[in-house]
Amino acid sequence: MSTASIQNVEVCLPDGTKQKHPGDATPMDVARGISEGLARAVVAAEVEGKIVDSFRPLGELANEDGSVPLKLLTNRDASALDVLRHSAAHVMARAIMRVYDGVSLAFGPTTSGGFYYDFDLSEKISEDDFPKIEAEIKKIIKAKEPFERFVLDRDEARKLCDDLNQDLKVEHIDTGLGDQPTVSFYRQGEFVDLCRGPHIPHAGMIKAIKLLSVAGAYWKGDASGRQLQRVYGTAFFDKKELAAYLEQLEEARRRDHRVLGKQHGLFAINPEVGQGLCLWLPKGARVRVALEDFLRKELLSRGYDPVYSPHIGRVELYETSGHFPYYRDSQFAPLFGSEVGGLLDAWNTRLGEGNLSSDDEDKLIAAAEVFGVKLNDYKPSASVEAKQKALHDWQLVNERYLLKPMNCPHHCQIFAAEPRSYRQLPLRLFEFGTVYRHEQTGELNGMMRVRGLTQDDAHIFCTPEQVEEEFRATIELTQFVLQSVGLNDYRVQLSLRDPDSSKYVGSEENWDHAEGALRGVLQHSGMEFNEEPGEAAFYGPKADFMVRDCIGRSWQLGTVQLDYNLPQRFKLQYKGNDNSTHQPVMIHRAPFGSLERFTGMLIEHFAGAFPMWLAPEQIRVLPLSDKSLDYAVAVAKQLDEAGLKVTVDSSDGKVQAKIRNAQLDLVNYMAVVGPKEAEMGHLALRDRIDGDLGAMPVAEAIARLTDEVKNRTVRQAVKSSAVSIAESSETSHEY
RNA sequence: GCCAACGUAGCUCAGUUGGCAGAGCAGCUGAUUUGUAAUCAGCCGGUCGUGGGUUCGAAUCCCUCCGUUGGCUCCA
């Protein structure tokens with residue numbers, strides 16, 4: 001791009017028209033030349049895919065030959081919303097600096113739903129202060145002051161930020177922007193901020209803005225760094241769009257699985273049992289049983305073998321797999337066979353960290369002796385490695401167990417339990433395996449993030465030649481599973497290793513193999529997928545299913561992972577048709593992910609109103625009065641024998657009340673029975689969604705209902721009242 | 001783990017400047033015997049999350065811990 005500002009440029013508009021303009025004219029001037037109405041509506045401009053300010057001189061945007069392919073962006077363009085929201089973040093920051101003293105600005109990017117800005121200040125920002133801040137925001141918007149851009153070289157920029165007491169910005173210029181010769185600033189009234197832009201022409205374009213929440217956030221995402229205060233907000237071009245967005249948030253709150261789970265008796269998590277430990281109540285367990293039965297049947301017909309493995313295993317098992325050292329902090333502490341196990345374990349850790357004084361070391365040796373532990377191989381004068389080996393050797397004899405954090409090591413041992421031939425491959429081992437992970441307290445969230453979870457786990461052991469076919473089949477299985485619960489909107493994220501990181505195990509060659517195979521199959525399948533470097537598991541790349549629910553939220557559910565490394569670590573082998581030994585390849589896969597998370601997501605997706613095949617209570621029989629109770633029980637018996645989940649409401653009271661309770665309990669069908677029905681062998685069927693369906697023979701109702709179960713019909717009972725809002729792009733502004 | 005807010009009956013929530021802890025629903029008992037979203041009456045139910053402090057007096061003010069929520073960080 002040319003930096004020459006004053007020269008004539010040729011603007012090419014999307015419709016093909018060409019216009020001559022002086023170099024200091026702006027996109028806004030171009031708009032004004034077309035119509036005043038357009039000029040009022042212009043938010044920003046786009047030049048060769050790059051969004052720029054509508055007030056940038058065209059000369060700065062021109063190609064070498066003086067041409068400017070220009071697209072004017074109005075509030076009808078999706079990318080304009082991002083520009084508006086970033087400007088809204090500036091306006092909010094300006095307001096906050098008026099309300100509080102000593103505010104140091106960090107970053108203020110846009111998000112998919114709005115924007116936030118991070119601040120460092122001694123005073124605590126409270127949601128109670130939002131009205132005060134919003135009042136300032138209103139004043140700023142009303143003044144309609146323009147955004148102005150200016151560029152400084154690094155030294156000037158540094159000095160300006162220093163003069164403004166913006167120490168975080170100074171730090172960012174020194175570090176994050178170390179390679180930039182010049183940086184841009186935006187001024188809006190008294191507010192000046194280091195910022196890449198672009199911005200809207202003036203603050204008056206923000207027609208709807210609302211602060212949403214305040215939260216903590218780390219400076220540059222570093223958990224060891226200082227904690228900033230983050231204020232979230234959102235903004236729109238139109239008040240109606242804001243109202244619709246708020247309604248969508250409200251709808252999400254109404255669907256909260258924690259609230260619905262309590263209300264409908266699906267699951268409970270209480271501190272008496274322990275944080276993040278889920279109790280499946282009878283109704284929730286029925287949903288889970290339906291899911292498990294469905295998948296089990298499906299897997300058996302697809303050539304999987306069921307296996308079971310215990311909830312704990314020796315620590316060495318996970319040392320071999322790499323899970324224990326890699327995830328030590330997020331596992332429950334080992335269970336020690338000896339009462340001094342914990343002492344030696346902490347001792348070993350201290351040694352490894354290099355912060356064990358010889359004084360403390362002597363005390364530890366003495367303490368061990370108190371418990372009758374003689375470490376004859378442990379010499380205080382020896383190397384750290386030798387001492388650690390001595391401790392570890394003792395631990396090997398004195399068993400340490402770990403609550404199973406992963407099923408794969410167990411399944412590897414099942415593979416290794418007998419000599420394997422290529423004729424047995426692919427070997428597909430599946431298990432609804434419960435694993436335990438000590439997630440950080442702040443991470444726990446209902447069923448979505450728990451400390452004990454059951455994976456619908458399976459490991460496929462196959463030859464290198466079979467990898468692509470097996471991977472293709474697991475992708476197909478996952479698609480089938482999602483479709484069965486009515487989730488048809490999803491995309492795949494291909495998570496690859498970060499070439500610059502050391503957290504991954506295994507050879508370069510293994511990784512290239514695995515990543516290439518995954519990418520090849522996904523490309524071949526024609527599915528939509530995007531690649532995310534740095535998101536792989538430590539042992540291999542993965543394809544994650546990102547599923548969108550009926551109110552537009554994305555969930556990471558099923559996963560398929562390719563692994564050349566664990567077979568190597570466990571020295572797994574099979575005899576090939578060439579009579580020599582080979583190493584199998586492993587595929588980890590879980591279409592649901594975890595039963596807890598999947599069920600939690602389904603609760604929110606269906607707003608608690610499950611389709612027939614998953615529903616914990618499919619039909620409730622409502623006798624008109626006690627006089628019809630015997631017949632009601634007889635009808636219920638028939639429904640039960642037909643395999644339907646049925647109850648009888650034998651409570652006192654009017655049928656209207658019984659209907660109301662059944663509706664509120666989200667029971668799929670109601671069968672009202674009185675003397676008339678008893679005489680005819682009928683029941684009066686009422687559908688939760690469509691209401692009264694009239695009287696019919698019991699057999700007819702059974703046929704109708706069992707069909708709905710068998711076909712796994714999904715009828716969305718509770719429609720979202722929220723308008724679906726087009727998400728703005730995920731790109732965020734760096735500064 | 002970090003920052004902030006919150007914690008009153010099974011559930012949803014009132015509770016004034018510190019002055020005897022309340023309502024609706026649910027539950028129980030009784031009456032009622034009912035035709036497609038609430039029949040009536042009575043009763044039961046709380047060491048106000050925990051432990052400490054201030055005070056004549058604490059649900060209310062202060063501190064500790066536990067838990068929950070919103071984020072951050074993490075996520076095999």
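Per chain, numbering begins at 1; letters A, B, ... match sequence-line order.
Partner assigned to B:rG10 is B:rC25, using Watson-Crick or G-U wobble distances below 3.5 angstrom. Checking B:rC20 for Watson-Crick or G-U wobble geometry (two distances, each under 3.5 Å) identifies no partner in any strand. Base pairing of B:rU69 is made with B:rA4, judged by Watson-Crick or G-U wobble geometry with both donor-acceptor distances under 3.5 Å. In this structure, B:rU39 forms a base pair with B:rA31, meeting either the Watson-Crick or the G-U wobble geometry with both donor-acceptor distances under 3.5 Å.
Comparing B:rC72, B:rU12, B:rA37 by their nearest atom to the side chain of A:Y232 picks out B:rC72. Checking B:rC3, B:rG35, B:rU39 against the side-chain heavy atoms of A:A657 singles out B:rU39 as nearest. Here the nucleotide nearest the side chain of A:L624, chosen from B:rG35, B:rC72, B:rG70, is B:rG35. The side chain of A:K124 has B:rA4 as its nearest neighbour among B:rG71, B:rA37, B:rA4. Set against B:rC75, B:rC2, B:rU34, the side chain of A:K627 has B:rU34 as its closest nucleotide. Of the candidate nucleotides B:rC2, B:rG35, B:rC75, B:rC75 has the atom lying nearest to any side-chain atom of A:K503. The side chain of A:R258 lies closest to B:rU69, out of B:rC74, B:rU69, B:rA37.
In this structure, the ring of A:F461 has its center no less than 6.0 angstrom from the ring center of A:H411.
A:K654 comes within 4.0 angstrom of a nucleotide base, judged by non-hydrogen atoms across all strands. Using a 4.0 Å heavy-atom distance criterion, A:Q561 is classed as a sugar-phosphate-only contact. Residue-level contact check: A:Y539 touches the backbone only, with heavy atoms under 4.0 Å from sugar-phosphate atoms and none from bases. A:Q663 comes within 4.0 angstrom of a base, heavy atoms only. A:Q331 comes within contact range of at least one nucleobase, with a heavy-atom separation under 4.0 Å.
Along RNA chain B, the nucleotide nearest A:L664 and the nucleotide nearest A:G653 are compared for position; the residue whose nucleotide lies closer to the 5' end is A:G653. Each of A:L444 and A:K542 was matched to the nucleotide of RNA chain B holding its nearest heavy atom; the match closer to the 5' end belongs to A:L444.
Donor-acceptor pairing under 3.5 Å is lacking for the side chains of A:Y100 and A:Q229.
Side-chain contact check for A:Y318 versus A:Q331: every heavy-atom pair is 4.5 Å or farther apart.
The base of B:rG1 has none of its N or O atoms less than 3.5 Å from a complementary donor or acceptor on the side chain of A:Q227.
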